[in-house]
Amino acid sequence: MPRDTLTADRIVHAAIELLDDEGLDGLNMRSLAKRLGSAATAVYWHIKTKDDLVRLVGDAIWHEVELPDLGTTDWRTAAAAHAGSMHAMLTRHPWLVQAFGSHLLHGPGQARNNDLSLAIYEKAGFASDDADRAAATVFTFVLGSALGPAAQVSLNRRLSKNGADAEQLMADAMTSATETAMQFPRLRERLDTAAAMEYTAAPDSTFEFGLRSLLDGFEARLGDDGASRRK
C-alpha cells in the first residue's frame with residue numbers, strides 16, 4: 001500500500017484491533033504495518049514512536065464512553081451511566097488498564113471524560129475540591145473493577161503463547177487455590193455451597209453493588225453537609 005494512502009486515523013484504528021487481539025505486548029510497528037498491508041517505514045511517517053501510538057489509541061477509545069446529558073439527567077443517574085460506560089470500555093479493551101501503568105496517557109478524549117466527571121459531581125452539590133475527590137474515587141473504583149478481567153485476559157494470552165495448555169494450567173491452579181481456601185472457615189463455607197463458582201471469580205453484580213454503595217455514600221455526605229449548613 002503506498003505511503004500516501006495511510007492516515008493517522010487508519011493506523012490508530014488498526015492498532016486498536018491489534019491491541020484487542022494481541023495485547024500491549026503484541027503491539028509493534030512491524031505487526032501493525034502487516035495488518036495495514038504497508039511497510040513499517042510508512043507507519044513511522046505518520047506516527048513517530050510506539051509510545052506516541054499507544055497514547056493516540058488510548059485516547060481514541062475514550063470516545064467510546066457515552067457522556068450523559070446533564071441538562072436532562074439527575075446527577076446520580078448520570079454518574080451511574082458514565083461509570084458503567086467507562087467500565088464497559090475498559091472491559092472491551094483490557095490492554096488500556098495495563099497501559100495506565102506503563103505509558104503517559106493524555107488527550108482530548110480522556111479530557112472530555114474528566115471534565116464531564118467533574119460536572120456530574122459539581123451538579124450533585126459538591127464544592128470544587130470535593131467534586132475532584134468524588135470523580136477520582138469513582139474512576140479508581142471503575143479501574144480497579146476492570147483490573148481482574150484484564151489480568152485474566154493477559155494471563156490466558158501469555159500462557160497460550162508459551163505453548164502451554166492454558167486451560168489445564170488454570171484448572172491446576174484453581175484446584176490448588178481451592179485446597180488452600182478450604183483451610184479458612186468463611187472461604188470454606190462459600191466453597192461448600194451449591195452455588196459456589198470459581199474461587200477467584202467475583203460474585204455477580206459486584207460492580208453494580210460497589211458503585212451503588214459509593215453513590216449512596218456521596219448522597220449521605222451531601223445530605224450531612226446540607227444539614228450542617230442549615231444549623
Side-chain angles (χ1 to χ4, degrees), residues 9 12-13 16 19-20 24 54-153 197 200-231:
D9 285 345
V12 166
H13 180 75
I16 291 171
L19 284 161
D20 288 346
L24 198 60
V54 173
R55 176 178 55 79
L56 289 170
V57 297
D59 192 63
I61 60 175
W62 275 102
H63 289 280
E64 297 178 12
V65 178
E66 297 180 9
L67 304 186
D69 182 358
L70 293 182
T72 60
T73 310
D74 66 273
W75 79 266
R76 179 156 180 159
T77 301
H82 187 231
S85 190
M86 283 195 294
H87 186 260
M89 181 273 286
L90 291 168
T91 302
R92 286 193 300 272
H93 307 292
W95 50 268
L96 183 60
V97 177
Q98 182 184 355
F100 276 118
S102 57
H103 291 77
L104 296 172
L105 301 178
H106 58 88
Q110 186 173 351
R112 72 194 267 273
N113 276 273
N114 292 343
D115 189 74
L116 186 279
S117 292
L118 295 176
I120 288 172
Y121 297 107
E122 287 179 355
K123 179 172 182 174
F126 284 117
S128 179
D129 287 350
D130 280 347
D132 290 353
R133 296 184 183 99
T137 298
V138 170
F139 177 68
T140 300
F141 169 71
V142 171
L143 188 61
S145 296
L147 180 60
Q152 188 66 54
V153 169
M197 301 296 286
T200 57
D204 290 342
S205 303
T206 296
F207 174 75
E208 292 79 6
F209 175 86
L211 180 60
R212 186 168 60 250
S213 298
L214 275 179
L215 299 182
D216 284 347
F218 291 166
E219 228 168 22
R221 184 181 183 90
L222 288 165
D224 289 343
D225 289 347
S228 296
R229 287 193 296 269
R230 289 192 294 271
K231 288 182 180 180

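None of the values given here were measured: they were computed from a predicted structure.
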With the side chain counted from C-beta on, respond yes when [X] and [Y] share a heavy-atom pair under 4.5 Å apart, and no when they do not.
| X | Y | answer |
| --- | --- | --- |
| Lys123 | Arg76 | no |
| Ser117 | Val138 | no |
| Pro68 | Leu116 | yes |
| Leu211 | His87 | no |
| Leu105 | Trp62 | no |
| Ile61 | Gln110 | no |

Does atom [atom1] of [X] have more than 12 heavy-atom neighbours from other groups under 6.0 Å away?
| X | atom1 | result |
| --- | --- | --- |
| His106 | NE2 | yes |
| Phe209 | CZ | no |
| Glu219 | CD | yes |

Which residues satisfy the side-chain hydrogen bond (donor to acceptor under 3.5 Å, both in side chains) test with Asn113, sequence neighbours excluded? His82

Of all residues at least two apart in sequence or in a different chain, which pass the side-chain hydrogen bond (donor to acceptor under 3.5 Å, both in side chains) check with Arg92? Glu64

Taking all non-hydrogen atoms of both residues into account, name the closest pair between [X] and [Y] and its distance.
| X | Y | value |
| --- | --- | --- |
| Ala119 | Leu70 | CB-CD1, 3.5 Å |
| Gly125 | Leu222 | C-CD2, 3.7 Å |
| Pro149 | Ala146 | CD-O, 3.4 Å |
| Ile120 | Ala79 | CG2-CB, 3.8 Å |
| Ala131 | Leu118 | O-CD2, 4.0 Å |

Mind checking whether Tyr121 and Phe126 have parallel, tilted or perpendicular rings, split at 30° and 60°? tilted

Determine the interplanar angle of the Phe207 and Phe141 rings, folded into 0 to 90°, and report it as parallel if under 30°, tilted if 30 to 60°, perpendicular if over 60°. parallel

Nearest-0.5 Å distance, [atom1] of residue [X] to [atom2] of residue [Y]:
| X | Y | atom1 | atom2 | answer |
| --- | --- | --- | --- | --- |
| Ile16 | Leu56 | CD1 | CG | 10.0 Å |
| Thr73 | Leu67 | OG1 | CG | 11.5 Å |
| Leu96 | His103 | CG | NE2 | 11.0 Å |

Between His93 and Asp20: side-chain donor-acceptor atoms closer than 3.5 Å: yes

Could you tell me whether Arg133 and Asp130 make a salt bridge, using a distance below 4.0 angstrom between a side-chain N and a carboxylate O? yes

Would a distance-only check, ignoring hydrogens and angles, find a side-chain to backbone donor-acceptor pair under 3.5 Å from Ser85 to Ala81? no

